[in-house]
Amino acid sequence: MKLNIGWKRGDWAAYFGLMTNNLTNLLTMMGLLIFVVGIPTEIVYGRIAPAFGFAVLLASISYAYFGAQLAKTTQRSDVTALPSGPSAPSIFTVTFLVIMPVYQQTQNAEFAIQIALVWCFVEAMILVGGSFLGETIRKMIPRTVLLSCLSGLGLLLLAMNPMLQSFEAPTVSFIVLLLIFINWFGKSPIFARIPTGLLLLVAGTVLAWVSGLQSPEAIKASMASFGFNPPGIHIDSFLQGLPHALPYLASAVPLGLANYIFDLENIESAHAAGDEYNTRNVMLANGLSSTVGCFLGNPFPVTVYVGHAGWKAMGASIGYTLASGITMFIVPLFGLGAFMLAIIPMTAIVPILVFIGVVTANQVVRETPKNEVPVIFICLFPWIANWALTIVNNVLSAAGTSGAAIGSKVLASKGVYYTGLVHLGNGAPLGSMLWGCIAIFAILNKPLRGAISAAVGSVLALFGVIHAPVVGFAQGPSMMFVYAYLMMAVMFVIKHFIDSKQAAADSTPGSALSK
């Protein structure tokens, strides 16, 4: 069968936006491993990065195929392929909770990577196994909850930091933001004959060079990373790490569940935008792509990337995600990442991510019935706390201290409720969905489903998957959440019996006359 990969004007903007976001994650990953952990450059550049890019490419090919199939089946010309990319939270989790402690303890980079490969494999298997339940779970959880959770992810994890970066270089980013407002949000575009994505990059790059934010020395320095680094097969590394990995897998299960939820939310977002992809196929593609990447030496899983609604709003078709995947493979293959960012400044690119985050959040506003709107804001709270907790911890770490060292009472006296940030921010993906379900079933008066949601929250808290900085069974601080969720479940059950009693009373003979 001939695979028809469409390409439209909107694909240019979507390609630059998605590719740059993925490229930023790639460079972040390489920087963390080399400069923070101390993994040798030959392992990072020669093994991990090429396998990282190949895993993204495999997922991108799958998504392009799914998009072409959907376009053929529905005879539509406006199908937008799902965006593919690495799981950004996994980059930090694998690096700081697996690779760094193992390497610091053993000073053996090979062994640290072996353990991380097993971690990635467990993540991939959660997606593969969950693919057979994904469609059922997606139908059980109300659309408002799924989209609300995704809006928090889009605003806080995708758009907030780019917005802050924009305000660090306003002479560049303000014009780029204004062009986005006019051309993508507005109805009367300026310079309409030029693809907006290209216009943004050209305008931002010119302004950055004129403002002195880019330097020729950076281009010269970036050339040191040039080379040819084809991916190799490293199944032996995975097998060698298998017997030793169990103590380090505690974070794999909750983050695997979080990635599973991300996929569900992003697939639901595509459905809401009119592109109905098969949940099982997409999750299998992610799980298998991550597994192949693992066997090639990459410890970081891939996922459905956030922002389908935003790319669709740009007018993207199918080709953008495939082009981004190809770029993500070529860049580490030849060591071109630093060179590309030395020419095109981040300040010209990050406003595009602000747009994607805003459109992602706006989708839930369009799709949500009026009485369910409060759920949107309830789902935002865990994401806000997660973002704030990350900022606070990074600041304290830079100052050479920690929240525990300062003390929660001292921080609370300054208006920083650190304990609350820790409890609400940890496990944000699952916490956001949990509280969204509790809120919506309370609003819609479905108490039994609310009781089930609260009971699930109790179990998650019992194992430290939510509201705890580390996973662990029946940890002291977690138990108050276990009891609190059980109390909510009991309240829901009481509400169910009250409603049943009232319904029975209303249906008895003579009740209508008495009214």
Side-chain angles (χ1 to χ4, degrees), residues 1-26 52-86 158 180 183-184 189 192-202 263 266-267 269-271 273-278 281-282 285-286 288-289 302-334 336-337 340 344 348-349 352-353 355-356 359-360:
M1 184 195 78
K2 183 179 179 181
L3 182 60
N4 181 26
I5 302 297
W7 188 273
K8 297 180 179 178
R9 282 170 59 97
D11 281 300
W12 284 110
Y15 162 70
F16 283 118
L18 179 61
M19 177 271 294
T20 305
N21 202 1
N22 283 339
L23 183 59
T24 301
N25 285 325
L26 172 66
F52 182 96
F54 189 73
V56 175
L57 173 61
L58 282 182
S60 299
I61 291 173
S62 301
Y63 296 169
Y65 176 77
F66 297 153
Q69 285 284 81
L70 182 62
K72 180 181 179 181
T73 302
T74 61
Q75 294 297 303
R76 288 168 43 209
S77 60
D78 63 340
V79 170
T80 299
L82 291 167
S84 173
L158 183 63
I180 288 174
N183 283 24
W184 282 339
R193 294 188 177 183
I194 304 175
T196 299
L198 179 61
L199 177 64
L200 299 178
L201 290 178
V202 171
D263 281 357
N266 283 304
I267 293 168
S269 175
H271 277 239
D275 296 329
E276 299 189 1
Y277 290 105
N278 181 277
N281 290 343
V282 173
N286 286 340
L288 295 177
S289 297
V302 297
T303 186
V304 180
Y305 221 68
V306 65
H308 177 275
W311 311 125
K312 195 171 187 70
M314 290 180 181
S317 181
I318 298 169
Y320 84 99
T321 195
L322 180 60
S324 176
I326 292 172
T327 303
M328 281 297 293
F329 177 60
I330 291 176
V331 166
L333 184 66
F334 294 102
L336 302 176
M340 292 176 66
I344 303 175
I349 298 163
I352 296 176
L353 304 181
F355 168 79
I356 297 301
V359 172
T360 301

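The analysis underlying the following values was restricted to heavy atoms, covering all of them including side chains, and did not include hydrogens, waters or symmetry mates. Computed from a prediction, not measured in an experiment: that's the story for all the values here.
The minimum heavy-atom distance linking R76 with G274 is given by the pair NH1-O, 2.9 Å. Taking all atoms of both residues into account, the shortest heavy-atom contact from A71 to V79 is CA-CG2, 3.8 Å. The nearest pair of heavy atoms linking L82 to H308 is CD2-CD2, 3.9 Å. Residues P332 and G53 share a closest heavy-atom pair of CG-CA, 4.3 Å. Taking every heavy atom of both residues into account, D11 and I318 meet most closely at OD1-N, 3.9 Å. Nearest heavy-atom pair, A81 versus T321, reported as atom, atom and distance to 0.1 Å: CB-CG2, 3.6 Å.
Between W7 and W12, the ring planes are perpendicular. Angles over 60° get that label, and only those under 30° would be called parallel.
Looking at S60 and I326, their side chains never come closer than 4.5 Å, going by heavy atoms from C-beta outward. Two residues are said to be in side-chain contact when any heavy atoms from C-beta on lie closer than 4.5 Å; Y63 and V282 meet this criterion. For the pair F66 and N278, the minimum side-chain heavy-atom distance is 4.5 Å or more. Under the 4.5 Å side-chain criterion, counting only non-hydrogen atoms from C-beta, W184 is in contact with L200.
More than 12 heavy atoms of other residues, nucleotides or ligands lie within 6.0 Å of CZ in F16, so this atom counts as buried by the packing criterion.
Interatomic distance, OG1 of T73 versus CD of E276, reported as 12.0 Å (0.5 Å rounding). We find the CZ-CZ distance between F52 and F329 to be 13.5 Å, quoted to the nearest 0.5 Å. D263 CG to N286 CG: the interatomic distance, rounded to the nearest 0.5 Å, is 4.5 Å. One distance of note links CG of L18 with CG of L23; it measures 11.0 Å at 0.5 Å rounding.
Within the structure, salt bridge (charged side-chain N to carboxylate O under 4.0 Å, His left out) pairs that include any residue of residues 307-327 comprise D275-K312 (at least two apart or interchain).
In this structure, N22 contributes its side chain and M19 its backbone to no donor-acceptor pair below 3.5 Å.
Each of N266, L70, V304 was checked for a side chain to side chain contact (heavy atoms under 4.5 Å, CB included) with Y277, and the lone residue meeting it is L70. Results of the side chain to side chain contact (heavy atoms under 4.5 Å, CB included) test with W311 over Y15, Y305, Y320 single out Y320 as the only residue that passes.
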